[in-house]
Protein chains: 2
Amino acid sequence: MAKYNNINLAELTQLASALSDASRVRAFMALTQGELCVCQIVELLGLAPSTVSKHMAVLCQAGFVQSRKQGRWVYYSVSPNLSTAAICQMQQWVTNNLKNDGTVKQDRKKLRAIKKMDTEQLCKNQRKG
Amino acid sequence: MAKYNNINLAELTQLASALSDASRVRAFMALTQGELCVCQIVELLGLAPSTVSKHMAVLCQAGFVQSRKQGRWVYYSVSPNLSTAAICQMQQWVTNNLKNDGTVKQDRKKLRAIKKMDTEQLCKNQRKG
DNA sequence: ATTATATTTTGCCATATAACGAATTATATA
DNA sequence: TATATAATTCGTTATATGGCAAAATATAAT
């Protein structure tokens, strides 16, 4: 079915703003490889949990990602966007254009390692260091 | 011919940043109707010339628009982007998604009036008021 | 040459944003 | 029930950004 929802100027600048920060774009690109919990994104980006949390909130509010809570963990994933064409198009644009970016490639590699780790252990290590 | 130039993370966030401000997006949308000199954009947006100049520099540096100087006037226009696919795609995305935006519609109307005015007279009025 | 003027650059101010650590919240475990 | 903990919110700081006015630049007109 065709997507017909229009966005307005404010919504467009909100979408653009969400993608105006490298850490947020990296987080989004990481999620295109599958859902991640906050501590995994923290590990990937090397930022404080509070900072990552705020970044994810921005991506969520823009509509690029969604979250689900399971126990103490919150998992983020790329939103399916059944309604808004503009968001789908931007998701595609980011994904396609950064497919071969150096940082994104490195992140993918690091991400594979992170996913192999036990999440409990990952969090424990983050508390210490 | 297919466009194959890739962009990196920094370039992508630069493009997004350029579109993260409503005044800049309005200026860009105005230029999709044809080239404009600075004073015409000043008239449309109701901002100081220095502010508009800075906005246009940001759009230029990102690659969304280009400028040509003719005498004392500088004309801005949507860049043809023969090289970078990412920029073309974003130009299309903005144009398509804001086609029916309220502010953009108002701007188009105001723009038709501005284009009918004598540019010399327009500048003269701006110096006064 | 001198003056006028369209645009840009510079300097400044107010606000927005990214970062962190500390405090808070919500959930699981002992 | 009390404790531990993953994530968020809050408070603070440093930097970035948008806005204007004034100064500087470049070009046209006198």
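Reminder, nothing fancy here: chain letters follow the sequence lines and each chain counts from 1. The structure displayed is predicted, hence computed values, not measured ones.
Nucleotide D/dT27 holds its C1' atom 15 Å from the CZ atom of B/Arg68, rounded to whole Å. A/Ile41 has its CD1 atom 15 Å from the P atom of D/dA6, to the nearest Å. In this structure, A/Gln40 places its CD atom 12 Å from C1' of D/dA6, rounding to the nearest Å. Rounded to an integer number of Å, the gap from NE2 of B/His55 to C1' of D/dG18 is 6 Å. To the nearest angstrom, P of D/dT17 lies 18 Å from CG of B/Leu47. Between B/Trp73 atom CH2 and D/dA26 atom C1' there is a gap of 13 Å when expressed in whole angstrom units. If you take CD of B/Gln61 and C1' of D/dT17, they are 14 Å apart, rounded to a whole angstrom. Spacing between atom CD of A/Glu120 and atom P of D/dA7 amounts to 10 Å, rounded to whole angstrom units.
Annotation: of the two residues near DNA chain C, A/Ser17 and A/Gln70, the 5′-most nearest-nucleotide partner is A/Ser17. Between B/Ala48 and B/Lys69, the residue anchored nearer the 5' end of DNA chain D, judged by the nucleotide with its closest heavy atom, is B/Ala48.
Across all strands shown, A/Tyr75 has no heavy atoms under 4.0 Å from either base or sugar-phosphate atoms. A/Lys54 comes within 4.0 angstrom of a base, heavy atoms only.
Inter-residue side-chain proximity for B/Gln70 and B/Cys37 is flagged as unmet; no heavy-atom pair is nearer than 4.5 Å. The side-chain heavy atoms of B/Phe28 and B/Leu98, taken from C-beta on, include no pair separated by under 4.5 Å.
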Practice problem: Run the numbers on B/Asn96 and A/Gln89 for side chain to side chain donor-acceptor pair (under 3.5 Å), then give the verdict. | Solution: CA-CA 11 Å; B/Asn96 288 334; A/Gln89 290 158 6; over 6 Å; no
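Checking the phosphate oxygens (OP1, OP2) of C/dT8, a side-chain nitrogen or oxygen of B/Ser53 falls inside 4.0 Å. The phosphate of D/dA4 has neither OP1 nor OP2 within less than 4.0 Å of any side-chain N or O from A/Arg127. Checking the phosphate oxygens (OP1, OP2) of C/dA18, a side-chain nitrogen or oxygen of A/Arg24 falls inside 4.0 Å.
Hydrophobic clustering places A/Leu31 together with A/Leu122 (ILVMFWY residues linked when any side-chain heavy atoms are closer than 4.5 Å, directly or through intermediates).
Nucleotide D/dA6 forms a pair with C/dT25, judged by Watson-Crick or G-U wobble geometry with both contacts under 3.5 Å.
Taking every side-chain heavy atom of A/Thr51 into account, C/dC20 is the closest of D/dG19, C/dC20, C/dT8. When distances run from any side-chain atom of B/Tyr76 to the nucleotides C/dT5, C/dT8, D/dA7, the shortest one goes to C/dT8. Closest approach to the A/Arg72 side chain among C/dC20, D/dT8, C/dT27 is made by C/dT27 (side chain taken as heavy atoms from C-beta onward).
Applying the 3.5 Å distance criterion, the base of D/dA21 shares a donor-acceptor pair with the side chain of B/Ser50.
Remark: the A/Gln61 side chain and the A/Gln14 side chain contain no N/O donor-acceptor pair separated by less than 3.5 Å.
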